[in-house]
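Note sheet for the following structure.
Order of appearance sets the numbers: ligands from 1, and atoms from 1 within every ligand. Nothing here was measured: the structure is a model prediction, and the numbers come from that model. Any value given below was found using the heavy atoms of this structure, including those in side chains, with hydrogens, waters and symmetry copies removed.
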Amino acid sequence: MQSPSNTANIEWRDGQPYASEFQDVYFSTDNGLLETDYVFLQGNHLAERWLDSDLQTFSIAETGFGTGLNFLCAVNIWLSTSPMNAKLHYISAEKYPLSLQDLRTALNLWPQLKTVIEPLLAQYDNLINGANTILLYDNRVQLSLLIGDATACFSKVTSQVDAWFLDGFAPAKNPDMWQTELYQQMARLSNASTTFATFTSAGDVRRGLMSAGFNVHKRIGFGKKREMLIGNFVE
Ligand SMILES: C[S@@+](CC[C@H](N)C(=O)[O-])C[C@H]1O[C@@H](n2cnc3c(N)ncnc32)[C@H](O)[C@@H]1O
């Protein structure tokens with residue numbers, strides 16, 4: 001067992017996490033919670049899709065677990081909308097995991113999520129490179145936390161994905177992640193009902209996703225961002 005070599009270097013700016021290496025924020029300093037809800041949850045129409053009483057499993061895959069805010073916001077809605085016996089599989093790739101202490105500090109910003117945060121913190125320690133399987137919330141959620149580069153991690157995934165959260169720092173600040181190979185892995189794991197959402201509207205990302213087989217639409221962005229992208233896979 002190998003522990004992750006690349007723990008995130010967090011700088012705290014006005015109490016908010018900031019990645020000095022990437023010169024970028026983990027979430028909007030306007031309101032990270034509302035940003036997650038608007039960009040990723042509404043962008044993938046999750047609340048509506050989870051009301052389906054026949055739903056058995058749903059799978060989300062994310063680039064960049066970071067502070068876990070997207071995960072916790074998704075879980076919060078999952079637990080209140082989905083059928084009791086349905087399972088959420090949340091697959092998140094993270095190259096630079098936060099230390100437990102930094103994760104705790106970051107999540108202290110969201111007292112309204114306390115009931116979902118505590119079980120995550122209790123199991124977040126001792127992560128290994130590669131796949132970490134964490135069962136949470138009476139087994140209604142499986143978190144597969146894949147420690148490593150997103151494209152490399154997704155190349156080992158075999159289960160289908162229903163919704164993608166394309167997070168990760170801005171393409172201009174993290175160009176290594178936003179590459180054709182990532183979009184090809186997304187396509188490999190997608191089907192006709194798979195959607196995606198991302199905070200960015202960068203032209204390279206839009207063209208990359210379209211070339212990989214996704215329909216891409218622009219939508220008004222969150223806060224100061226003019227536009228963001230959403231879409232679905234076309235088989
Ligand atoms: C903007 S933060 C994500 C915020 C996160 N979704 C949250 O809710 O806090 C971007 C994350 O992507 C991670 N990341 C950057 N490059 C990556 C890569 N190539 N593969 C996997 N994760 C990466 C960073 O370490 C960081 O945690």
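Of all protein heavy atoms, the one closest to atom 21 (C) of ligand 1 is K95 N, 3.3 Å. In this structure, atom 9 (O) of ligand 1 lies nearest to the protein heavy atom T67 OG1, 2.6 Å. Of all protein heavy atoms, the one closest to atom 25 (O) of ligand 1 is E94 OE2, 2.5 Å. Nearest protein heavy-atom neighbour of atom 19 (N) of ligand 1: D149 OD1, 2.8 Å.
At under 3.5 Å, a nitrogen or oxygen of G64, whether backbone or side chain, sits near a nitrogen or oxygen of ligand 1. Between T63 and ligand 1, not a single N/O pair is under 3.5 Å apart. Between F22 and ligand 1, no N or O atom pair is found at a separation short of 3.5 Å. Remark: ligand 1 and M177 share no N or O pair separated by less than 3.5 Å (distance only, no angle test).
Aromatic ring centres of W50 and F58: separated by under 6.0 Å. Residues F214 and F196 bring their aromatic ring centres within 6.0 Å. Ring centers of Y26 and F169: under 6.0 Å apart, within the cut-off. With ring centers used as reference points, F27 lies 6.0 Å or more from Y18.
In this structure, G168 counts as a contact residue of ligand 1, since one of its heavy atoms falls inside 4.0 Å of the ligand. Not a single heavy atom of A106 sits less than 4.0 Å from an atom of ligand 1. Ligand 1 has F65 within reach: a non-hydrogen atom of the residue lies less than 4.0 Å from it. The shell of residues lying under 4.0 angstrom from ligand 1, judged by heavy atoms, includes V25.
For ligand 1 and N174, the ligand atoms under 4.0 Å from any heavy atom of the residue are 15 (C), 16 (N). Remark: ligand 1 atoms within the under-4.0 Å shell around heavy atoms of Y26 are 1 (C), 2 (S), 4 (C), 26 (C), 27 (O). Those atoms of ligand 1 that come under 4.0 Å of a heavy atom in G148, given as number and element, are 20 (N), 21 (C). Residue-ligand proximity, L69 to ligand 1, at heavy-atom distances under 4.0 Å covers atoms 7 (C), 8 (O), 9 (O).
Residues T200 and W178 form a side-chain contact, since some pair of their non-hydrogen atoms from C-beta on lies under 4.5 Å apart.
Looking only at atom types and distance, the side chain of E94 has no donor-acceptor partner in the side chain of S92 under 3.5 Å away. Checked by atom type, the side-chain pair Q185/R188 shows a donor-acceptor distance below 3.5 Å. A donor atom on one side chain and an acceptor atom on the other are not found under 3.5 Å apart for T29 and Q16.
Among G66, A150, A93, the residue whose heavy atom sits closest to atom 20 (N) of ligand 1 is A150.
Of the residues Y90, W78, F40, the one that meets the ring pair (Phe, Tyr, Trp, His ring centres under 6.0 Å) test with F71 is Y90. With respect to R49, the side-chain hydrogen bond (donor to acceptor under 3.5 Å, both in side chains) criterion is satisfied by exactly one of D162, T195, N44: T195.
At a heavy-atom cutoff of 4.0 Å, ligand 1 is contacted by the side chain of D167 but not by its backbone.
Note that R219 lies in the cation-pi zone of Y38, set by a 6.0 Å cut-off to the ring centre and a 45° limit from the axis.
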